[in-house]
There are 2 protein chains.
Amino acid sequence: MSQTDMGRAGAMAEAMISIETRLRDCGLRPTRQRIALADLLFAKGDRHLTVEELHEEAIEADVPVSLATVYNTLHQFTEAGLIRVLAVEGARTYFDTNTSDHHHFFVEGRNEVLDIPVNNIAIGNLPEAPDGMEIAHVDVVIRLREKKG
Amino acid sequence: MSQTDMGRAGAMAEAMISIETRLRDCGLRPTRQRIALADLLFAKGDRHLTVEELHEEAIEADVPVSLATVYNTLHQFTEAGLIRVLAVEGARTYFDTNTSDHHHFFVEGRNEVLDIPVNNIAIGNLPEAPDGMEIAHVDVVIRLREKKG
DNA sequence: CTTTATGCAAAGTCTTTGCAATACG
DNA sequence: CGTATTGCAAAGACTTTGCATAAAG
């Protein structure tokens, strides 16, 4: 690995803890399918994928896995806090490998999600959560449309 | 009408322009169903409803209307800019009668949407839209969970 | 009258579930 | 070996569509 790759130290450090161990720590048996899906999810940095997209990637990577298993696995990963669901309008559910507070562009008409460079947005005056509730997450989605003319 | 009702001057002013006219201005024929649905949507101030909820309200209000028509109508209203789609995770699509930039609480596990009192949130440092794109809308969804203990 | 809207039922998506076969520890 | 997981196909939820009937202008 070249020195210039050290910018990804965070990702590398995560990789140090093997996927198997991470899964086991969540109480999930490290099966072939779960390992493969986790590899696809976490190997390439932050991603936001639909079930269908991840399923296709798995098939292309010669990891036979059923669609139902991808659904199950993504929900298990979500419960385990490894990924989170992305709140975007529309039919599809996106899963995001970045579980920290960050935000997204959503391109209308194209159903495409883009990351907003981190920390670009400052949110002030967050309201209090109602009684008995606490804030789990703040989602900012900036909906984009194609400029006419 | 009592004087104390004047606090709803905004809503009243909107009501001055009859629903029929508003619909016609959008190129929508003011049919019995569309008028009734618009009445339900706009008579009570800002609302966020699912198709199913609006359908039930219509039935309860003795306005026989089919579910398909509610779907069609809400999408027509959305295209016309009378309402907008609310970007919240999950199976259901919410339609919001408030088309201006404002934000929402979403109660996890209960699929409940609450308005955040207007102007409570300040967003700074909005990123530039990518080339050829413009910002259509900024959505902030604050996801709430029940506090434990 | 002509055009547009409605309602129904059928078809389409996306997602979940039940259960036998399989893999993990 | 016993238990958890997978895959399949069937079922389920939500939404859209096609077409005959009805309503609006």
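Hydrogens, waters and symmetry mates play no part in the numbers below; they use all other heavy atoms, side chains included.
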>> Does anything in residues 68-81 of chain A come within less than 4.0 Å of DNA chain C? Heavy atoms only, and list the residues if so.
In response: A68(A), Y71(A), N72(A), H75(A)

> Taking the six-membered ring for Trp, are the ring centroids of H75(B) and F95(B) within less than 6.0 Å of each other?
Replying inline: yes

> E53(A) CD to dC14(C) C1': how many Å, rounded?
Replying inline: 14 Å

> Can a side chain N or O of R34(B) be found less than 4.0 Å away from OP1 or OP2 on dA24(D)?
Replying inline: no

> Will you find, in the side chains of H102(A) and D96(A), an N or O donor that is under 3.5 Å from an N or O acceptor?
Replying inline: yes

>> Does dC14(C) have its OP1 or OP2 closer than 4.0 Å to a side-chain nitrogen or oxygen of T50(A)?
In response: no

>> Looking at R47(B) and E53(B), is there a salt bridge between them, counting it only when a charged N and a carboxylate O are closer than 4.0 Å?
In response: no

> How would you list, by chain and number, every residue that makes a side-chain contact (heavy atoms from CB on, under 4.5 Å) with I59(B), sequence neighbours excluded?
Replying inline: H55(B)

> Within this structure, what is the CG-to-C1' distance between L67(B) and dA9(C), rounded to whole angstrom?
Replying inline: 12 Å

> Below 4.0 angstrom from OP1 or OP2 of dC14(C), is there any side-chain N or O of T93(A)?
Replying inline: no

> Which atom pair, heavy atoms only, marks the closest approach of T97(A) to L41(A)?
Replying inline: CG2-O, 3.4 Å

Give each protein N/O atom lying under 3.5 Å from an N/O atom of nucleotides 20-25 of chain C, with the pair distance.
residue : atom : partner : partner atom : Å
dC24(C) : O2   : R29(A)  : NH1          : 3.2
dG25(C) : OP1  : R24(A)  : NH1          : 3.0

> Just by distance, do the side chain of R34(A) and the backbone of R29(A) share a donor-acceptor pair under 3.5 Å?
Replying inline: yes

>> What is the distance, to the nearest angstrom, from the CD1 atom on I35(A) to the P atom on dA4(D)?
In response: 18 Å

>> Tell me the interatomic distance from L54(B), atom CG, to dC14(D), atom C1', rounded to whole angstroms.
In response: 16 Å

> Can you name the nearest heavy-atom pair linking P127(A) to I142(B), along with the distance?
Replying inline: CD-CD1, 3.8 Å

> Taking CZ from F95(A) and P from dT15(C), how many angstroms apart are they, rounded to a whole number?
Replying inline: 8 Å

